[in-house]
Every structure is written in structure tokens, then in C-alpha cells.
Amino acid sequence: MKATGIVRRIDELGRVVIPKEIRRTLRIKDGDPLEIFTDRDELMLKKYSPIATLERFSEGTTRSLSDLSGCLAVIADTDEILYASGEGRRELSKKHISSQLEKIMQGRRSYIANLSEGGDIVPLAENSELRATAQIIVPIVSGGDCLGAVSLLSTEEGAKMERGAVNLCRLTADILANQFD
């Protein structure tokens, strides 16, 4: 744990203000749920990720999606790439999502791009060097809230995301979303 040197008082309603600099650094926005942990005399707050609570299920799902599609499969929450399986997974795993991916998730609409057809490939993670040639991004939406996204990427020259891969990605996002209904 890293000391910040910042001290805040608790008000009469038991509230404490998290400084703006810390919220910005940790990418905590208004309305974000926080999980509370205690350990003896310590109190810890962590940004809550519903998708991360399905750890084993999501990890296995990513592996199956990659095996079935032959592509790099990715599951992200609204902050970071949680799981990646397939060639190039180390380039993405546990990195913060890009602002472009965040916008696609906020729009709650699927995104398909094939470089061979002039499409714009969206980087999934900040500062990623992965050079994809085709991609599908499907937001995971439950109860009107976007919880994350499922994505398939290909790095093969001239690759195109076919209808079957799109359906597989949508099915995966639906299954994940249904875990929270």
C-alpha cells in the first residue's frame, strides 16, 4: 500500500471525500460502485467490477472463445482488460482500456472493423503495440448498465470477421450479461 500523505475527516453522516487527484488516477467517476474491505484496523476501497466477480467463468469463457474462433479473445470491464486468450494476449492482459474502447462501451453498440475493407481498428488498451487487422467489440449490457465488453481480434493479413464470429461474440456478451439479471 502506498501512502499519499492526504488526511480527511469523516463528517457527521460518516462520509469521507476521496480527493480529485486520487479519483482521477484510479479512474473513479461519479456513480462508480466501490467495494469496501477491512483488515484489522485498515479500511480499503476498491472499484467494484461485476465482471471480475465471475473470474473463473470469464477466464474459461475467454479461452473457449479463442479456441472456437481462432482469434485473440478479450473480456474487459469498464477499466481494464481482465482476460485475454490467444496469440497476443500478453500485450493486452491487465492493461487499462483505451478511451476509444470506453466510448464504444458507453454507446452500447457492437463495433466491427476489417482493415482490408478500410475499417478503423480501435486499440483495446492504452499504449498497446498489438496490430490487429480485424476486430469485433460487443458491449456487455445488463439492466441498462454497460459492465464491459467482449472482443475478438485477428492479426492475420487480410483477415475479415465473418458472421459466425460476430454471433459467437454476441452470444458470449449475452451469457455474461445474463449472470447479473
Side-chain angles (χ1 to χ4, degrees), residues 1-59 61-62 72-86 88-111 113 120-132 135-153 169 172-173 176-177 179-180:
M1 206 166 0
K2 190 162 96 176
T4 63
I6 300 171
V7 176
R8 294 284 195 244
R9 294 200 181 275
I10 296 177
D11 72 9
E12 64 277 355
L13 296 176
R15 298 176 297 199
V16 65
V17 174
I18 301 170
K20 188 176 188 174
E21 307 81 46
I22 292 175
R23 290 193 320 262
R24 188 178 320 127
T25 301
L26 298 177
R27 300 173 71 150
I28 298 172
K29 299 180 278 305
D30 290 350
D32 281 350
L34 297 176
E35 199 168 8
I36 302 169
F37 297 92
T38 60
D39 184 22
R40 291 185 222 126
D41 63 342
E42 292 180 340
L43 177 70
M44 292 182 288
L45 300 174
K46 181 181 177 190
K47 195 168 176 183
Y48 176 70
S49 169
I51 298 296
T53 63
L54 299 175
E55 183 175 347
R56 294 185 73 211
F57 181 73
S58 296
E59 190 174 10
T61 301
T62 308
L72 171 60
V74 174
I75 294 179
D77 66 9
T78 55
D79 283 318
E80 71 177 359
I81 307 293
L82 297 174
Y83 309 102
S85 184
R89 71 183 173 276
R90 285 184 181 88
E91 178 62 36
L92 297 174
S93 198
K94 302 299 177 193
K95 288 190 175 179
H96 283 291
I97 65 168
S98 69
S99 58
Q100 297 98 316
L101 177 56
E102 190 172 6
K103 284 180 185 169
I104 290 170
M105 283 194 250
Q106 288 170 351
R108 293 167 174 73
R109 296 186 56 98
S110 297
Y111 182 84
D120 289 326
I121 302 297
V122 171
L124 297 186
E126 289 180 352
N127 306 318
S128 174
E129 298 295 320
L130 185 70
R131 299 286 171 231
Q135 74 182 159
I136 303 166
I137 301 169
V138 179
I140 302 166
V141 180
S142 178
D145 294 326
C146 183
L147 307 176
V150 176
S151 184
L152 287 175
L153 298 130
C169 216
T172 303
L176 289 167
Q179 300 301 307
F180 301 100

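Side chains are part of it too, since the values below use all heavy atoms of this structure and drop only hydrogens, waters and symmetry mates.
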Colleague: Taking atom CD1 of Ile81 and atom CG of Leu101, what is their separation to the nearest 0.5 Å?
Modeller: 6.0 Å
Colleague: First locate atom SG of Cys169, then atom CG of Leu152, and finally report the distance between them rounded to the nearest 0.5 Å.
Modeller: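 Interatomic distance, Cys169 SG to Leu152 CG, rounded to 0.5 Å: 4.0 Å.
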Colleague: If you measure from CG on Asp120 to CD on Gln135, what distance do you get to the nearest 0.5 Å?
Modeller: 9.5 Å
Colleague: Kindly indicate whether the side chain of Ser142, heavy atoms from C-beta on, has any atom under 4.5 Å from the side chain of Gln179.
Modeller: no
Colleague: Looking at Glu21 and Arg23, is there a salt bridge between them, counting it only when a charged N and a carboxylate O are closer than 4.0 Å?
Modeller: no
Colleague: Is there a side chain to side chain contact (heavy atoms under 4.5 Å, CB included) between Leu176 and Leu147 once you walk through the steps?
Modeller: CA-CA 9 Å; Leu176 289 167; Leu147 307 176; over 6 Å; no
Colleague: Taking side chain as C-beta onward, heavy atoms only, is Leu92 less than 4.5 Å from Leu72?
Modeller: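 With C-beta onward as the side chain, the pair touches.
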Colleague: Looking at every non-hydrogen atom in both residues, tell me the closest pair between Val141 and Ala177 and how far apart they are.
Modeller: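 That closest heavy-atom pairing would be O-CB, 3.2 Å.
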Colleague: Would you indicate whether Lys46, at its atom NZ, is surrounded by more than 12 heavy atoms from other residues, nucleotides or ligands within a distance under 6.0 Å?
Modeller: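 Open: at most 12 neighbouring heavy atoms sit under 6.0 Å from NZ of Lys46.
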Colleague: Would you say Pro123 and Gln100 make side-chain contact, with heavy atoms under 4.5 Å?
Modeller: yes
Colleague: How would you list, by chain and number, every residue that makes a salt bridge (Lys or Arg N to Asp or Glu O under 4.0 Å) with Asp11, sequence neighbours excluded?
Modeller: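 Arg15.
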Colleague: Rounded to the nearest 0.5 Å, what's the gap from OG1 on Thr62 to CG on Leu82? Could you check?
Modeller: 8.5 Å
Colleague: Only distances under 3.5 Å count here; give the side-chain donor-acceptor pairs of residues 29-44 to other protein atoms, sequence neighbours excluded, each with its distance to 0.1 Å.
Modeller:
| unit_1 | atom_1 | unit_2 | atom_2 | d |
| --- | --- | --- | --- | --- |
| Asp32 | OD2 | Lys29 | N | 2.7 |
| Asp32 | OD2 | Lys47 | NZ | 3.1 |

Colleague: Just jot down the side chain to side chain contact (heavy atoms under 4.5 Å, CB included) partners of Ala173, sequence neighbours excluded, or say none.
Modeller: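 Residues passing side chain to side chain contact (heavy atoms under 4.5 Å, CB included) with Ala173: Val138, Ile140, Val150.
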Colleague: Apply side chain to side chain contact (heavy atoms under 4.5 Å, CB included) to Leu124 and Ser151, showing your working.
Modeller: CA-CA 9 Å; Leu124 297 186; Ser151 184; 3.7 Å; yes
Colleague: CD1/Ile22 to CD1/Ile6 distance, rounded to the nearest 0.5 angstrom?
Modeller: 4.0 Å
Colleague: With sequence neighbours excluded, tell me which residues meet side chain to side chain donor-acceptor pair (under 3.5 Å) with Ser85.
Modeller: none
Colleague: So, for Thr78 and Cys146, which heavy atoms are closest and what is the spacing to 0.1 Å?
Modeller: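 Looks like CG2-O, 3.5 Å.
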Colleague: Return the set of residues passing salt bridge (Lys or Arg N to Asp or Glu O under 4.0 Å) with Lys95 (not counting sequence neighbours), or none when no residue passes.
Modeller: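 Residues passing salt bridge (Lys or Arg N to Asp or Glu O under 4.0 Å) with Lys95: Glu91.
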Colleague: Step by step, would you call Asp79 with Ile97 a side chain to side chain contact (heavy atoms under 4.5 Å, CB included)?
Modeller: CA-CA 6 Å; Asp79 283 318; Ile97 65 168; 5.8 Å; no
Colleague: Would you give the length of the straight line joining atom CG of Asn127 to atom CD of Glu129, rounded to the nearest 0.5 angstrom?
Modeller: 8.0 Å
Colleague: Please name the pair of heavy atoms, one in Glu80 and one in Asp77, separated by the smallest distance, quoted to 0.1 Å.
Modeller: N-OD1, 2.8 Å
Colleague: Could I get the full list of salt bridge (Lys or Arg N to Asp or Glu O under 4.0 Å) partners for Arg27, not counting sequence neighbours?
Modeller: Glu102, Glu126
Colleague: For Phe57, does its backbone N or O pair with a side-chain atom of Thr61 as donor and acceptor, under 3.5 Å?
Modeller: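 Yes.
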